[in-house]
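Note sheet for the following structure.
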Amino acid sequence: MKPRRVYLETFGCQMNEHDSEKILEILNAQNYQSTENIHEADVILLNTCTVREKPEHKVYSTLGRLRNLKEKKREMIIGVGGCLAQQEGQRLLERFPHLDLVFGTHNLHLVPDLLADIRGTGTQRCETHFYDRAPSMEVIPLVRGKVRSFVTIMQGCDNFCSYCIVPLVRGPERSRPMEKILDEVKALARRAVKEVILLGQNVNSYGKGLGRGVSFPDLLRNVNEIEGIERIRFTTSHPKDLSRDLITSFRDLSKLCEHIHLPFQSGSNRILQRMNRLYTREEYLDKVDQLREICPGIAVTADVLVGFPGESQRDFDDTIDLIQRVQFDNLFSFRYSQRKGSVAADLPSQVLHEVKRERLKILQDIQRKITRKKNRETEGKLEWVLVEGRSQKDPTEIMGRTRSNRIVNFPGDLGLIGGTVLVRIEKGFANSLRGALWQDDGKPQGNKGLGFETESAKGLTTSIHR
Ligand code: SAH
Ligand code: SF4
Ligand code: F3S
């Protein structure tokens, strides 16, 4: 039978990006093929985000636009999954009658059956049941010749930061058994994956509930032993769970890349307390010092919010002060967005929109300069770069990442994809670096690549909105 075509659009974070890969894996096994052309699709799926108002609006406007398409092609099925689907459930079907399917964050495995049912009966379906452990935690998307791959190590979140909706839409935190994770990483290594990114909302609390005193650094040590894997990264970690054992892992584990994403959210103790973050600015600064002492040159990136309810000018000044002190390599900054169902949504003294906008601009102007300065500091240095694919800026060039997670574009052969080569950095820009292969005796230095261009390097199989 001819495969059915599925067009999948992803909103939100890396968790969702990885879930989209899982959805495609589940559908591929049931004779679906992904397409990037929405007009030839039999099924359109949106994997959605509700962490802030903006991604939520993007989903709603995309859904609105799909109405016309559905009118022209009535047999086409439109489905919405992910965090907004989990949050809104049945309400989405009522608000958008041209929608056929809503599936929650724990229900990816049901998608093929739900699609078949809709095709058979013509009725709308909604499944947002939470499992103790979502079956999709064990779905391994062995996607076509990738160089780097996500690996789920836990689901959900128990932290309930007061601004955040994620615990409500992803459910309680559950760690995946260590053996399953290691088996997956080995399977990826056999498929020539070189870099794994261990994924979870709070990876450094990994092991909770597994019952044998298993910790996140234990997991890292085991992954570090797996042959074929050259680089390990993880995201996201919480400052409260950044143990000394994890800090020293950056010195002791050869494959662990010198980069940590460590969101701080605010530089004011008063606000941190209201956010329920369970650390102080002093503790945060101390942990960054320890990281830099153990692993000089480690790249530190973070997330930060401005305009949390009750944030005064002084609180904001404390945030700016922390940014100046730490000198982050990169920062993801957001205006606080009121999320129904979160504790902070009901706090009095919500900050005016204009004030939030102004604060975000000030913060971003400061960080832009720091990021550029840090990128410029790499000029003239030699960096090991894992080659991932064609450069997006110039398809005749190739791109890869330094161990500090900076993107480098440089002229080179597509056959180097999957290899780790020495690159001399020539120029540091705002968001990337430019370099040239370091040649000794006319030969690139480092591991050979795969010798061919991988499928995933040619282009993403799903489109992603951040
Ligand atoms: N679990 C991860 C990230 C979760 S969401 C962590 O704790 O680091 C990613 C980022 O979105 C958060 O770090 C936070 O900075 C931001 N975010 C979460 N809720 C938000 C809200 N209500 N308004 C604005 N930004 C928010
Ligand atoms: Fe949200 Fe906090 Fe959990 Fe991150 S740790 S997902 S910010 S509740
Ligand atoms: Fe990620 Fe958005 Fe959900 S940030 S966990 S997709 S709410």
Side-chain angles (χ1 to χ4, degrees), residues 9-20 23 46-59 80-88 104-106 108 134 150 152-173 198-206 208 234-242 260-267 271-272 274-279 284 301-309 311 319 328 331-347 350-351 353 356-357 359-360 363 464-466:
E9 211 164 298
T10 308
F11 302 78
C13 66
Q14 291 168 318
M15 249 57 76
N16 255 19
E17 204 179 310
H18 192 42
D19 278 351
S20 283
I23 294 170
L46 308 181
N47 192 13
T48 64
C49 173
T50 184
V51 76
R52 284 173 292 275
E53 209 175 317
K54 214 157 117 193
E56 194 176 292
H57 276 164
K58 269 197 214 157
V59 175
V80 175
C83 296
L84 181 63
Q86 183 67 44
Q87 168 95 342
E88 292 298 313
T105 53
H106 286 198
L108 315 187
F150 295 122
T152 305
I153 69 162
M154 57 160 59
Q155 74 178 26
C157 180
D158 285 344
N159 288 325
F160 289 91
C161 302
S162 64
Y163 49 82
C164 186
I165 198 68
V166 172
L168 296 177
V169 291
R170 291 265 167 181
E173 184 180 307
L198 308 180
L199 261 195
Q201 294 294 354
N202 184 181
V203 286
N204 49 344
S205 73
Y206 172 80
K208 214 167 66 182
F234 56 83
T235 194
T236 301
S237 37
H238 196 302
K240 75 174 162 58
D241 298 309
L242 184 62
I260 186 163
H261 185 65
L262 193 64
F264 68 100
Q265 313 296 5
S266 169
I271 297 295
L272 284 172
R274 288 177 168 219
M275 286 177 163
N276 190 32
R277 290 290 289 179
L278 308 178
Y279 54 85
Y284 186 89
T301 60
D303 296 347
V304 57
L305 305 187
V306 298
F308 182 84
E311 184 188 76
T319 293
F328 290 99
L331 198 52
F332 300 87
S333 46
F334 311 101
R335 258 180 285 146
Y336 166 75
S337 168
Q338 221 168 338
R339 300 287 80 198
K340 252 191 307 173
S342 69
V343 170
D346 299 325
L347 289 178
Q350 298 284 329
V351 174
H353 183 75
K356 287 195 251 186
R357 213 162 62 184
R359 287 183 184 165
L360 188 64
L363 187 156
I464 296 162
H465 302 270
R466 294 226 179 271

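Here the structure is a predicted model, which means the values were calculated and not measured. In each ligand, atom 1 is the first atom listed, and ligand 1 is the first ligand listed.
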*Quick one: does R170 get within less than 4.0 Å of ligand 3, heavy atoms only?*
yes

*Taking the side chain as C-beta and beyond, is there a heavy-atom pair between K208 and M154 under 4.5 Å?*
no

*Quick one: which ligand 1 atoms are inside 4.0 Å of a heavy atom on L305?*
14 (C), 15 (O), 16 (C), 17 (N), 24 (C), 25 (N), 26 (C)

*Is S237 in polar range of ligand 1, meaning some N or O pair under 3.5 Å apart?*
no

_Option among V80, I23, L84 that satisfies the side-chain contact (heavy atoms from CB on, under 4.5 Å) test with N47_ = I23

*atom 23 (N) of ligand 1: which protein heavy atom is closest, and how many Å away?*
S337 N, 2.9 Å

*Quick one: which of R277, E53, H238 has a heavy atom closest to atom 7 (O) of ligand 1?*
R277

_Geometry only, no angles: is R339 polar-contacting ligand 1 at N/O separations under 3.5 Å?_
no

_Between N276 and V343, does the side chain to side chain contact (heavy atoms under 4.5 Å, CB included) criterion hold? Intermediate values first, please._
CA-CA 10 Å; N276 190 32; V343 170; over 6 Å; no

*Could you list the atoms of ligand 3 found under 4.0 angstrom from a heavy atom of C49?*
2 (Fe), 4 (S), 6 (S), 7 (S)

*Measure the distance from atom 5 (S) of ligand 1 to every protein heavy atom, then report the residue, atom name and distance (to 0.1 Å) of the closest one.*
V51 CG2, 3.9 Å

*Between F234 and Y206, does the ring centre distance come in under 6.0 Å?*
no

*Identify which one of Q201, E173, K240 satisfies the side-chain hydrogen bond (donor to acceptor under 3.5 Å, both in side chains) criterion when paired with N159.*
K240

*Can you tell which part of Y163 has a heavy atom less than 4.0 Å from ligand 1: side chain, backbone, both or neither?*
both

*Looking at V304, I271, L305, which hits side-chain contact (heavy atoms from CB on, under 4.5 Å) with T319?*
V304

*Residue, atom name and distance, where the atom is the protein heavy atom closest to atom 17 (N) of ligand 1*: R52 NH1, 3.5 Å

Side-chain atoms of residues 160-169: list all donor-acceptor pairs with protein atoms under 3.5 Å, sequence neighbours left out, distances to 0.1 Å.
| residue | atom | partner | partner atom | Å |
| --- | --- | --- | --- | --- |
| S162 | OG | R274 | O | 2.8 |
| Y163 | OH | Q265 | NE2 | 3.2 |
| Y163 | OH | R277 | NH1 | 3.4 |

*Going by the order shown, which atoms of ligand 1 are within less than 4.0 Å of some heavy atom of Y336?*
23 (N), 24 (C)

_Would T105 and C83 count as a side chain to side chain contact (heavy atoms under 4.5 Å, CB included) here? Give the steps._
CA-CA 6 Å; T105 53; C83 296; 4.0 Å; yes

*asked:* Can you tell me how the ring of F328 sits relative to the ring of Y284, calling it parallel under 30°, perpendicular over 60° and tilted otherwise?
replied: tilted

_F334 CZ to K54 NZ distance, which is reported to the nearest 0.5 Å_ = 9.5 Å

*Is Q87 close to E56 at the side-chain level, that is, under 4.5 Å between some pair of heavy atoms?*
no

_Heteroatoms of the protein, restricted to N/O/S, which lie under 2.8 Å from atom 1 (Fe) of ligand 2_ = C164 SG

*For ligand 1, is any non-hydrogen atom under 4.0 Å from Q201's backbone (N, CA, C, O), its side chain (CB onward), both, or neither?*
both

*So is there a nitrogen or oxygen of N202 less than 3.5 Å from a nitrogen or oxygen in ligand 1?*
no

_If you apply the rule salt bridge (Lys or Arg N to Asp or Glu O under 4.0 Å), what do you find for R170 with D19, and how did you get there?_
CA-CA 12 Å; R170 291 265 167 181; D19 278 351; 2.9 Å; yes

*asked:* Checking contacts here: is it the side chain or the backbone of P263 that comes within 4.0 Å of ligand 1, counting heavy atoms only? Could be both or neither.
replied: side chain

*Decide salt bridge (Lys or Arg N to Asp or Glu O under 4.0 Å) for E9 and K58; before the verdict, give the C-alpha distance in whole Å, the side-chain angles of both, and the deciding distance to 0.1 Å.*
CA-CA 11 Å; E9 211 164 298; K58 269 197 214 157; over 6 Å; no

*Name the closest protein heavy atom to atom 1 (Fe) of ligand 3, giving the residue it belongs to and the distance to 0.1 Å.*
C13 SG, 2.3 Å

*Is there side-chain contact between H353 and R335, with heavy atoms separated by less than 4.5 Å?*
yes

_Which segment of N159 sits under 4.0 Å of ligand 1 when only heavy atoms are counted_ = neither

*asked:* Only heavy atoms of C83, strictly under 4.0 Å: list the atoms of ligand 3 that pass.
replied: 3 (Fe), 5 (S), 6 (S), 7 (S)

*Please assess L199 against T235 for the test side chain to side chain contact (heavy atoms under 4.5 Å, CB included), listing each intermediate value before the final yes or no.*
CA-CA 5 Å; L199 261 195; T235 194; 3.6 Å; yes

*Considering only heavy atoms from C-beta outward, does the side chain of L242 approach that of S237 to under 4.5 Å?*
no

_ligand 1-proximal atoms of T236, by part, heavy-atom distance under 4.0 Å_ = side chain

*asked:* Could you measure the distance from the CG atom of L331 to the NE2 atom of H261? Nearest 0.5 Å is fine.
replied: 8.5 Å

*ligand 1 contacted by R335 (non-hydrogen, < 4.0 Å)*: yes

*Under 4.0 Å to a heavy atom of D303 - the qualifying atoms of ligand 1, by number*: 9 (C), 10 (C), 12 (C), 13 (O), 15 (O)

*Using a 4.0 Å heavy-atom cut-off, say whether N16 meets ligand 3 through its side chain, its backbone, both or neither.*
side chain

*Distance filter under 4.0 Å to Q201 heavy atoms, resulting ligand 3 atoms*: 5 (S)

_For ligand 1 and Q265, I'd like to know whether there is a polar contact (N/O to N/O, distance under 3.5 Å)._
yes

